[in-house]
Amino acid sequence: MARSAHDETSKTGALEITSFRNFISRDPNSRFPAQSGRYHLYISYACPWASRCLAYLKIKGLDKAITFSSVNPIWGRTKSDDEHMGWVFPATATEEPDAELDPINGEKTIRALYELASTNYTGKYSVPVLWDKKLKTIVSNESGEIIRMFNSEFDDIAENASLDLYPLHLRSQIDEMNDWIYDGINNGVYKCGFARKQQPYDEAAKKLYEALDMVEEILSKQRYLCGNTLTEADIRLFVTLIRFDEVYAVHFKCNKKLIREYPNIFNYTKDIYQLNGIGSTVNMEHIKKHYYGSHPTINPFGIVPYGPDIDYSTPHDRDRFAK
C-alpha cells in the first residue's frame, strides 16, 4: 500500500487517479437523479480538484441544494494498523477553522468513506467525493465529471441555471484547451514538485512555462480562454493559478516566473476570483497548511512560508474586453 498520495504519483511525478464514475442525471428515473438535498460534496479547500467542484457549486447557485464540508488541511493517519497518510476529518468541531466533523456518516477519514462505499476498493482515497445520502455510496470522485453534472444536470433547481460553462458551440475548443492546460499546468506543477530526478523536473518545468506563455498570449487578446465568455476551461485553470505564487513557486520549485509577473494572467486570476461566490472557495490558510505540512519528503520540517499574501480583491483590467 502507498503510504500517502505522494507515493501514488507516477515516476514522472504526475498524479494518478482511480475513480468512481457514476453520473447524476436530470432524468428522475435514473439511479442517481438530480434531487435537492440528496447529495453531499466532501472537499478539501487545499485540493485544486476539489476546489473546482466547490467553485461550480457556488457559481451555479447549488449550495442550498447540495451540502458540502471540508476535511482537515494536513494529512493524518487514516488507520491505526497501517502507515497510510491521507485526508482526515477534525477530531473536534473547533480543532481547525473551516474544517468540519463528517456531518453525513460520522466517519473519521475520507478513506473510511471509500471503504463504506466498496469493501473491495483498492484505489486512491482522494477528494472530491460526491456522496449519495440515500444510497449511502460514492457517486463520483472524478472532478472533471462532477463539474459537468453541476453545470447541467441540476438546472431545474440551480439558482443560476442560465449559466452554461460548457456551451455546445464551444465544447471542442474547451476540450482542446483543457487537454494542454491540464498536461502543462494543472498537472505540470505536480510533475515539477514530485519529480525524483532532474531530467523529469526539467522537462516538466519547460512545458509548464511554455504553457503559461501561451496562456498569457491568449489572454492579451480576450477576457477568457475561449473568447469573452467564461467557461469550464477558466475554472479549471483558475484553481492552479490561485495556488501558484503562494505554494507552487516555492514548494514545487516552479520559480522561473511568478503569476503576478504575467500581467494578463494575474489580472485574469483576480477577475475570476472576484466572480460571485468564487472568492469564498479560496482558503489560503488551508492551502498553505496542506502543501507545506503534508509532504515531508519535500518539506521535512513543515515550515510554512511567511508570504506573499496576495490580495486578489484589488481592481483588475479585464473589463477592457467586451463581454
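- The pair Glu115-Lys79 meets the salt-bridge criterion, with a side-chain N (NZ, NE, NH1 or NH2) lying under 4.0 Å from an Asp/Glu carboxylate O.
- Residues Met149 and Leu130 meet the side-chain proximity criterion, which asks for heavy atoms closer than 4.5 Å.
- Ala46 and Trp87 make their closest contact through CB-CH2, 4.4 Å (heavy atoms, listed as atom of the first residue, atom of the second, distance).
- In this structure, CG in Asn187 is found 11.0 Å from CG in Leu208, a value given to the nearest 0.5 Å.
- Under the rule for a salt bridge (charged side-chain N to carboxylate O under 4.0 Å, His left out), the partners of Asp183 that lie at least two apart in sequence or sit in another chain are Lys191, Lys207.
- Applying the under-4.5 Å side-chain rule to Ile, Leu, Val, Met, Phe, Trp and Tyr, the cluster around Leu170 extends to Tyr166, Ile174.
- In this structure, the side chains of Phe238 and Val282 come closer than 4.5 Å at one or more pairs of heavy atoms.
- Proximity of a side-chain donor or acceptor of His295 to a complementary backbone N or O of Pro300 within less than 3.5 Å is not detected.
- A distance-only check finds a donor-acceptor pair linking the side chain of Lys288 to the backbone of Pro305 [under 3.5 Å].
- Between the side chain of Arg52 and the backbone N or O of Pro48 there is no donor-acceptor pair closer than 3.5 Å.
- Annotation for Ile218 and Leu225: closest pair CG2-O, 3.8 Å, computed over non-hydrogen atoms.
- Open room surrounds NZ on Lys108; 12 or fewer heavy atoms of other groups in view lie less than 6.0 Å from it.
- Side-chain atoms of Gln173 and Thr231, non-hydrogen and from C-beta on, never get closer than 4.5 Å to each other.
- No donor-acceptor pair closer than 3.5 Å links the side chain of Glu107 to the backbone N or O of Thr109.
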>> Is there a side-chain contact (heavy atoms from CB on, under 4.5 Å) between Phe154 and Ser36? Walk through the geometry before answering.
In response: CA-CA 9 Å; Phe154 289 87; Ser36 181; over 6 Å; no
> Passes ring-ring contact (aromatic ring centres under 6.0 Å, His included), Phe252 versus Phe244? Steps please.
Replying inline: CA-CA 9 Å; Phe252 283 172; Phe244 199 98; 9.8 Å; no
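- Between the side chain of Glu153 and the main chain of Arg26, a donor-acceptor pair closer than 3.5 Å is present.
- Atom CG of Asn276 sits in a sparse spot, with 12 or fewer heavy atoms from other residues, nucleotides or ligands closer than 6.0 Å.
- Under the 4.5 Å side-chain criterion, counting only non-hydrogen atoms from C-beta, Gln199 is not in contact with Asp202.
- Using cut-offs of 30° and 60° on the angle between ring planes, the pair His251 and Tyr292 is perpendicular.
- Electrostatic pairing of Arg318 and Asp234 does not count as a salt bridge here, judged by no charged N lying under 4.0 Å from a carboxylate O.
- The CG atom of Leu241 lies 5.0 Å from the CD1 atom of Ile259; values are rounded to the nearest 0.5 Å.
- Checked by atom type, the side-chain pair Lys133/Thr67 shows a donor-acceptor distance below 3.5 Å.
- Here Asp319 contributes atom CG and Asp271 contributes atom CG; the two are 7.0 Å apart, rounded to the nearest 0.5 Å.
- Using a distance-only test at 3.5 Å, with no hydrogens or angles considered, a donor-acceptor pair links the side chain of Asn160 to the main chain of Ile59.
- Tyr114 places a side-chain N or O within 3.5 Å of a backbone atom of Ser126 that can act as its donor or acceptor partner.
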>> Between Tyr268 and His316, does the ring-ring contact (aromatic ring centres under 6.0 Å, His included) criterion hold? Intermediate values first, please.
In response: CA-CA 7 Å; Tyr268 162 86; His316 60 78; over 10 Å; no
> Should Asp132 and Ile138 be marked as a side-chain contact (heavy atoms from CB on, under 4.5 Å) after you check the CA-CA gap, both sets of side-chain angles, and the distance that decides it?
Replying inline: CA-CA 6 Å; Asp132 184 342; Ile138 296 173; over 6 Å; no
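- Taking every heavy atom of both residues into account, Asn186 and Val189 meet most closely at O-CG2, 3.5 Å.
- A donor-acceptor distance shorter than 3.5 angstrom exists from the side chain of Asp245 to the backbone of Arg260, with no hydrogens or angles considered.
- Closest non-hydrogen pair, Ser294 versus Pro73, comes out as OG-O, 3.8 Å.
- With 3.5 Å as the limit, one finds a donor-acceptor pair spanning the side chains of Asn264 and Glu216.
- When only modelled atom types and interatomic distance are considered, His40 and Ser69 share a side-chain donor-acceptor pair under 3.5 Å.
- Taking both residues in full, the closest heavy atoms of Asp155 and Ala161 are given as O-CB, 3.2 Å, listed atom of the first, atom of the second, then distance.
- With values rounded to the nearest 0.5 angstrom, Leu54 atom CG is found 5.0 Å from Phe68 atom CZ.
- A donor and an acceptor atom, one from each side chain of Asn105 and Tyr42, are located under 3.5 Å apart.
- Distance check, rounded to the nearest 0.5 Å: CG of Leu62 to SG of Cys53 gives 12.0 Å.
- The main-chain N or O of Ala65 is never found under 3.5 Å from a side-chain atom of Tyr39 such that the two would form a donor-acceptor pair.
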> Is there a side-chain hydrogen bond (donor to acceptor under 3.5 Å, both in side chains) between Glu232 and Asn178 once you walk through the steps?
Replying inline: CA-CA 9 Å; Glu232 171 186 300; Asn178 286 344; 2.8 Å; yes
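- The closest side-chain donor-acceptor pair between Thr229 and Arg223, if any, does not fall under 3.5 angstrom.
- Inspection of the Asn72 and Glu95 side chains reveals an N or O donor paired with an N or O acceptor under 3.5 Å.
- Side-chain contact of Ser313 with Asp311: a donor-acceptor pair under 3.5 Å is present, judged by distance alone.
- Counting only heavy atoms from C-beta outward, the side chains of Ile43 and Val127 never approach each other to under 4.5 Å.
- With salt bridges taken as basic N to acidic carboxylate O contacts below 4.0 Å, one links Arg111 and Asp82.
- In summary, of the residues considered (Lys58, Lys60, Lys64), a salt bridge (Lys or Arg N to Asp or Glu O under 4.0 Å) with Glu159 occurs for Lys64 alone.
- The minimum heavy-atom distance between Thr137 and Ala117, with the atom names listed, is OG1-CB, 3.7 Å.
- Although no hydrogens or angles enter the test, the distance criterion places no donor-acceptor pair under 3.5 Å between the side chain of Asn141 and the main chain of Val129.
- The only option from Trp75, Tyr248, Tyr45 that meets the ring pair (Phe, Tyr, Trp, His ring centres under 6.0 Å) definition with Tyr291 turns out to be Tyr248.
- A 4.5 Å side-chain heavy-atom check between Glu246 and Pro308 finds at least one atom pair inside the cut-off.
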>> What verdict does the side-chain contact (heavy atoms from CB on, under 4.5 Å) test give for Ile110 and Phe89, after you've listed the backbone C-alpha separation in whole Å, the side-chain angles of each residue and the deciding distance to 0.1 Å?
In response: CA-CA 8 Å; Ile110 290 294; Phe89 296 98; 3.9 Å; yes
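- Note that CG of Asp63 is 15.5 Å distant from OH of Tyr56, once rounded to the nearest 0.5 Å.
- Just one of Asp213, Val215, Leu237, Leu258 meets the side chain to side chain contact (heavy atoms under 4.5 Å, CB included) condition when paired with Ile265; it is Val215.
- Both cation-pi conditions hold for Lys257 and Tyr262: the charged atom is under 6.0 angstrom from the six-membered ring centre and inside a 45 degree cone around its axis.
- Other residues, nucleotides and ligands contribute only 12 or fewer heavy atoms inside 6.0 Å of the CD atom of Glu176.
- Ring to ring, Tyr121 and Phe20 are close: their centroids are under 6.0 angstrom apart.
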